[in-house]
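Here is the structure we will look at, set down as structure tokens.
Hydrogens, waters and symmetry mates are skipped; everything else that's a heavy atom, side chains included, is used. Sequence lines set the chain letters: A, B, ... in the order given, protein chains first and strands last, and positions in each chain run from 1.
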2 protein chains.
Amino acid sequence: MHTKEKILMEGMELFATLGYNGTSMTKIADRVGLQKSSLYAHYSSKEELFMDVTTKIAADYVYFVKSTFENDGQTTEEKLYLSFQAHVKDMANHDSSIEFYNRFSSYPPKGFESRTLELLRDSEEQARKAFKEEIKKAQKAGDITDEVSLEDAARAFYGLLDGLSYETSYYDMDIIENHGESMWKVFWRGVKA
Amino acid sequence: MHTKEKILMEGMELFATLGYNGTSMTKIADRVGLQKSSLYAHYSSKEELFMDVTTKIAADYVYFVKSTFENDGQTTEEKLYLSFQAHVKDMANHDSSIEFYNRFSSYPPKGFESRTLELLRDSEEQARKAFKEEIKKAQKAGDITDEVSLEDAARAFYGLLDGLSYETSYYDMDIIENHGESMWKVFWRGVKA
DNA sequence: GTCTATAGTCGGATAGAC
DNA sequence: GTCTATCCGACTATAGAC
């Protein structure tokens with residue numbers, strides 16, 4: 001079963017950087033050190049392999065988001081900020097699972113868009129729920145103003161992350177970190193009590 | 001010369017919605033009402049056609065951004081908001097030239113990434129310059145606080161648009177408009193004097 | 001400029017020996 | 001499970017008649 005895991009990993013990285021059409025079974029096989037026909041002993045088709053990767057990525061993302069809240073922040077502002085920072089750091093490092101997530105959330109492979117999006121959007125929804133809860137706490141604690149509704153604050157926070165996601169694909173580490181810093185400053189001034 | 005323009009337009013829409021690999025010369029020819037071999041009387045290759053589309057898109061984008069500032073806003077806040085709104089409206093309508101711009105800024109076709117990005121990023125830079133000038137004016141006029149640096153305010157504004165760009169590819173019109181509204185509220189509270 | 005026909009390549013997937 | 005060999009389809013691009 002070790003081979004199958006390796007196929008999954010190499011497939012994930014290639015899909016993330018080259019896209020679905022750009023990744024051929026031959027390229028995956030080369031990386032694993034097999035002939036492409038041997039891949040079919042583990043996966044019945046390229047689509048099935050892709051869906052298996054997607055399933056893993058979706059699960060990992062929810063786990064990642066939840067883990068970003070298990071930090072040492074004292075106030076809710078700090079907790080939110082540290083979670084945000086964890087995202088910035090991962091994106092700035094061009095973590096390939098994040099790249100996979102961003103790429104196929106926006107551009108799922110033609111032919112099985114719905115199967116792909118179902119998995120990714122479900123995990124996205126869970127992640128947003130986690131964010132919203134944290135913001136709700138901050139609002140109750142009086143750290144976030146009542147002038148801005150919970151819904152508005154939450155959407156603005158997602159927007160922050162989506163902006164970073166977009167920039168990830170075409171900026172380098174230091175620029176992303178600078179932008180993250182600036183966006184956070186304005187965001188926090190916009191929601192703080 | 002009418003045929004060549006039609007090829008350009010149909011190519012743009014197909015590239016925008018199906019991507020580079022997803023768009024075959026046959027599909028373009030079908031839309032124009034030709035055999036694919038006839039396309040080669042106008043463009044020597046698929047790549048050359050793509051680059052011609054990209055050149056047009058890059059020029060149009062700068063023009064679009066500048067035109068969003070020629071609005072009826074009285075205060076600089078209103079001017080900035082109306083420009084932002086114009087972006088939201090175009091994105092919410094899934095304008096195909098905007099989709100082309102977003103898609104290939106993030107995922108340029110493999111093999112000639114640099115040629116593509118050179119054109120797109122140059123226009124991006126011009127657009128950002130235009131935004132920055134407008135924000136500078138607002139800061140001088142006292143509409144935007146001095147607590148936030150010009151650089152931070154400008155980056156946060158780009159971030160707003162980048163967030164919307166990201167969401168464009170997977171939300172519908174009404175959701176994008178709602179998110180735009182929320183993001184603007186928080187942004188403005190974050191920068192206003 | 002547009003057509004038909006075709007060359008040449010590369011992709012996913014299967015058959016069958018080991 | 002992995003290999004070699006092969007099929008089949010889709011694609012870009014060219015040749016040559018009209």
Side-chain angles (χ1 to χ4, degrees), chain A residues 1-57 100 103-104 107-116 119, chain B residues 1-56 100 103-104 107-116:
Chain A
M1 287 304 117
H2 197 256
T3 308
K4 189 163 181 171
E5 281 170 35
K6 187 146 194 211
I7 296 172
L8 193 79
M9 287 303 299
E10 300 295 347
M12 189 260 278
E13 285 182 17
L14 285 169
F15 286 137
T17 53
L18 304 178
Y20 185 75
N21 286 327
T23 301
S24 65
M25 293 299 266
T26 307
K27 278 180 190 158
I28 297 171
D30 283 352
R31 284 245 213 154
V32 179
L34 288 176
Q35 291 300 313
K36 73 169 168 178
S37 57
S38 306
L39 299 180
Y40 291 88
H42 303 276
Y43 288 101
S44 68
S45 70
K46 186 183 174 184
E47 179 176 338
E48 202 211 317
L49 166 57
F50 180 84
M51 290 311 300
D52 204 21
V53 175
T54 305
T55 304
K56 182 181 156 49
I57 292 285
F100 185 100
R103 174 168 217 139
F104 296 109
Y107 306 107
K110 293 290 153 190
F112 46 105
E113 292 92 337
S114 48
R115 285 184 74 196
T116 306
L119 291 171
Chain B
M1 289 303 116
H2 197 257
T3 308
K4 188 162 183 172
E5 281 170 34
K6 187 145 193 212
I7 296 172
L8 193 79
M9 288 302 300
E10 301 294 348
M12 188 259 278
E13 286 182 16
L14 286 169
F15 286 137
T17 53
L18 304 178
Y20 185 75
N21 286 327
T23 301
S24 67
M25 294 299 264
T26 306
K27 278 180 190 158
I28 298 171
D30 282 352
R31 284 246 212 152
V32 179
L34 286 177
Q35 292 300 314
K36 72 169 167 180
S37 57
S38 306
L39 299 179
Y40 290 88
H42 303 277
Y43 288 100
S44 69
S45 70
K46 186 183 175 183
E47 179 177 339
E48 202 212 316
L49 165 57
F50 180 84
M51 291 311 300
D52 205 20
V53 174
T54 305
T55 304
K56 182 181 157 49
F100 184 101
R103 175 167 218 141
F104 296 108
Y107 307 108
K110 294 289 154 192
F112 47 106
E113 291 92 337
S114 48
R115 285 184 74 197
T116 305

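Residue pairs satisfying the salt bridge (Lys or Arg N to Asp or Glu O under 4.0 Å) criterion with at least one member in residues 34-47 of chain A, sequence neighbours excluded, are listed as follows: A/Glu47-A/Arg115.
Straight-line distance from the CD1 atom of A/Ile7 to the C1' atom of D/dG1: 10 Å, rounded to whole Å. In this structure, A/His2 atom NE2 and D/dT2 atom C1' are separated by 17 Å, rounded to whole Å. Straight-line distance from the CD atom of B/Gln35 to the C1' atom of C/dT6: 14 Å, rounded to whole Å. Rounded to whole Å, atom P of D/dT2 lies 17 Å from atom NZ of A/Lys36. The CE atom of B/Met25 sits 9 Å away from the C1' atom of D/dA13 (whole-angstrom rounding). In this structure, A/Lys6 atom NZ and D/dG1 atom P are separated by 16 Å, rounded to whole Å. For the pair A/Leu39 CG and C/dG11 C1', the computed distance is 13 Å after rounding to whole Å. Atom-to-atom, NE2 of A/His42 to C1' of D/dC3 comes out at 12 Å; the value is rounded to the nearest Å.
Within residues 12-24 of chain B, no residue has any heavy atom closer than 4.0 Å to DNA chain C. Annotation: proximity of residues 43-56 of chain A to DNA chain D (heavy atom, distance under 4.0 Å) is found for no residue.
Of all non-hydrogen atoms in A/Gly22 and B/Asn21, the two that sit nearest each other are N-ND2, 4.4 Å. In terms of heavy atoms, B/Phe104 sits closest to B/Pro109 at CD2-CD, 3.8 Å. Smallest separation of non-hydrogen atoms from A/Gln35 and A/Ala29: C-CB, 3.7 Å. A pairwise comparison of heavy atoms in B/Arg103 and B/Thr17 identifies NH1-O, 3.3 Å as the closest pair.
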Sequence neighbours left out, cut at 3.5 Å: what donor-acceptor pairs do the side chains of residues 1-13 of chain B make with other protein atoms?
from, atom 1, to, atom 2, distance (Å)
B/Glu10, OE1, B/Arg31, NH1, 2.9
B/Glu13, OE1, B/Arg31, NH1, 3.4

Using atom types as modelled, flag every donor-acceptor pair under 3.5 Å from a side chain in residues 48-55 of chain A to any protein atom, sequence neighbours excluded.
from, atom 1, to, atom 2, distance (Å)
A/Glu48, OE1, A/Ser44, N, 3.0
A/Glu48, OE1, A/Ser44, OG, 2.6
A/Asp52, OD2, A/Tyr43, OH, 2.6
A/Thr54, OG1, A/Phe50, O, 2.9
A/Thr55, OG1, A/Met51, O, 2.8

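B/Ser38 has a side-chain polar atom (N or O) that falls below the 4.0 Å cut-off from OP1 or OP2 of C/dC3.
Using a 4.0 Å heavy-atom criterion, one finds that B/Ser37 contacts the bases of the nucleic acid, with or without backbone contacts as well.
Checked against C/dA13, D/dT2, C/dT2, the side chain of B/Leu34 finds its nearest nucleotide in C/dT2.
Axis orientation changes by 10° from one end of the helix from C/dG1-D/dC18 to C/dC18-D/dG1 to the other, with each end axis drawn from 5 pairs and the value rounded to 10°.
Ring geometry, A/Phe15 versus A/Tyr20: the interplanar angle falls under 30°, so the pair is classed parallel (tilted spans 30 to 60°).
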